[in-house]
Amino acid sequence: MTRSGRSKLFVVLMALLSLFCGYLSYWQWERLSWKQSLLAEFAMAAELPAEQLTPETSVPAFVKVAGAPQRIWQQIQTKDRAQGFRLITLLKLDDNREILTDLGFVNQDDAASLIANIPKQLSGIALLRRDDEPSIFTPPIDEKEGLVFARHAASLGGVEGVMLEWLAEAEEPMTLRRDRAQVLAGIPNNHLQYALTWLALMLVGLVCTLIWWRRAGDDQQAEA
């Protein structure tokens, strides 16, 4: 392949990469709008008194719930620069439904002892919300180590599409979360930052494409 041919190939690849970055930026803008609406729904639910959890309870809502935690799974997470885990379980209710439940974050050093001391029966208030949809990049569940990489109810055999964010009282050891405000604050909204990052990469890619397009033209003239 001639030098001008290689330059043109590079231009095409850079243009495609720039378009892909532009698509990701647009997707993150769409996710930003979705997350803002979701957080607004959570904020409205937080203003209402907790209701008894039933199969007909609409999402999102703060609910009164009681059940027996099943196997405890861990999801690796860093919080406030501390390495640790989200503790994930299936909460088995009196009607035998099993709902994916996030018990909160624990430091890595404290995880084993806290898991061992989780009560066999939990009763309290939780946020009922939609679960997390895994992406094509989400690793499969690590059955041996008990690790999950997305809070996806169907993957663990829970009621499909929903999960609980547990609100523990101060004396309960399994979570650092304490009240509704802390639960809502733990739901990140970084989509604007991601959208701007991908937009900047798209612009850099377009500039590189233009520069190499002009260089490819110069190479073609030189070969002629």
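- Of all heavy-atom pairs spanning A111 and F85, the tightest one is CB-CD1, 3.9 Å.
- The side-chain heavy atoms of L103 and L122, taken from C-beta on, include a pair separated by under 4.5 Å.
- Hydrophobic clustering keeps I141 apart from L147 (ILVMFWY residues linked when any side-chain heavy atoms are closer than 4.5 Å, directly or through intermediates).
- Taking all atoms of both residues into account, the shortest heavy-atom contact from Q36 to N189 is CG-ND2, 3.9 Å.
- R151 is listed as a side-chain neighbour of L100, based on a closest heavy-atom distance under 4.5 Å.
- Cluster membership check: L90 does not share its hydrophobic cluster with V59, using side-chain heavy-atom separations under 4.5 Å among Ile, Leu, Val, Met, Phe, Trp and Tyr.
- Taking 4.0 Å as the cut-off between side-chain N and carboxylate O, R129 and E165 count as a salt-bridged pair.
- Using a cutoff of 4.0 Å between basic side-chain nitrogens and carboxylate oxygens, E30 and K35 are not scored as salt-bridged.
- Side-chain N or O atoms of S25 include one that pairs as donor or acceptor with a backbone N or O of A195 at under 3.5 Å.
- In this structure a side-chain-to-backbone donor-acceptor pair under 3.5 Å is missing from T57 to L53.
- In terms of heavy-atom proximity, V65 sits nearest to W166 at CG1-CZ3, 3.3 Å.
- Contact detail for A153 and E160: the closest heavy-atom pair is CB-CA, 4.5 Å.
- For the atom pair CD1 of I72 and CD1 of I88, the computed distance is 9.0 Å after rounding to the nearest 0.5 Å.
- Nearest heavy atoms, I118 versus P69: CG2-CG, 4.1 Å.
- Under a hydrophobic-cluster definition in which Ile, Leu, Val, Met, Phe, Trp and Tyr are linked whenever side-chain heavy atoms come within less than 4.5 Å, directly or via other members, L87 and I99 are assigned to the same cluster.
- Of the residues listed (L164, T101, L156), the one engaging T89 in a side chain to side chain contact (heavy atoms under 4.5 Å, CB included) is T101, and it is the only one.
- Connection of I115 to L91 is established within a shared hydrophobic cluster, with ILVMFWY side chains joined at heavy-atom distances below 4.5 Å, either directly or through further cluster members.
- Not one N or O on the side chain of N190 forms a donor-acceptor pair closer than 3.5 Å with the backbone of Q193.
- R31 CZ to L192 CG: the interatomic distance, rounded to the nearest 0.5 Å, is 14.5 Å.
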Please report the C-alpha distance between V148 and S155 in whole Å, then the side-chain angles of each, then the deciding distance to 0.1 Å, and finally whether the side-chain contact (heavy atoms from CB on, under 4.5 Å) criterion is met. CA-CA 9 Å; V148 298; S155 298; over 6 Å; no
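- Other residues, nucleotides and ligands contribute more than 12 heavy atoms inside 6.0 Å of the CZ atom of F149.
- Using a 4.5 Å heavy-atom cutoff, the side chains of L114 and N117 are not in contact.
- With contacts defined as side-chain heavy-atom distances shorter than 4.5 Å, the pair W73/E143 qualifies.
- Contact of the V162 side chain with the L128 side chain is registered, since non-hydrogen atoms from C-beta on lie closer than 4.5 Å.
- In this structure, I211 CD1 and M14 CE are separated by 9.5 Å, a value rounded to the nearest 0.5 Å.
- The closest side-chain heavy-atom distance from L196 to W29 is below 4.5 Å.
- When all heavy atoms are compared, the tightest approach of Q70 to K92 is NE2-CB, 3.4 Å.
- The main-chain N or O of R97 is found under 3.5 Å from a side-chain atom of D95 such that the two form a donor-acceptor pair.
- Here CD of E51 is found 11.5 Å from CZ of F62. Values are rounded to the nearest 0.5 Å.
- Looking at heavy atoms from C-beta onward, H152 lies out of side-chain contact with D132 at the 4.5 angstrom threshold.
- Looking at R86 and D102, a side-chain N of the basic residue comes within less than 4.0 Å of a carboxylate O on the acidic one, giving a salt bridge.
- Under the 4.5 Å side-chain heavy-atom criterion for grouping Ile, Leu, Val, Met, Phe, Trp and Tyr, L203 is not connected to W198 through any hydrophobic cluster.
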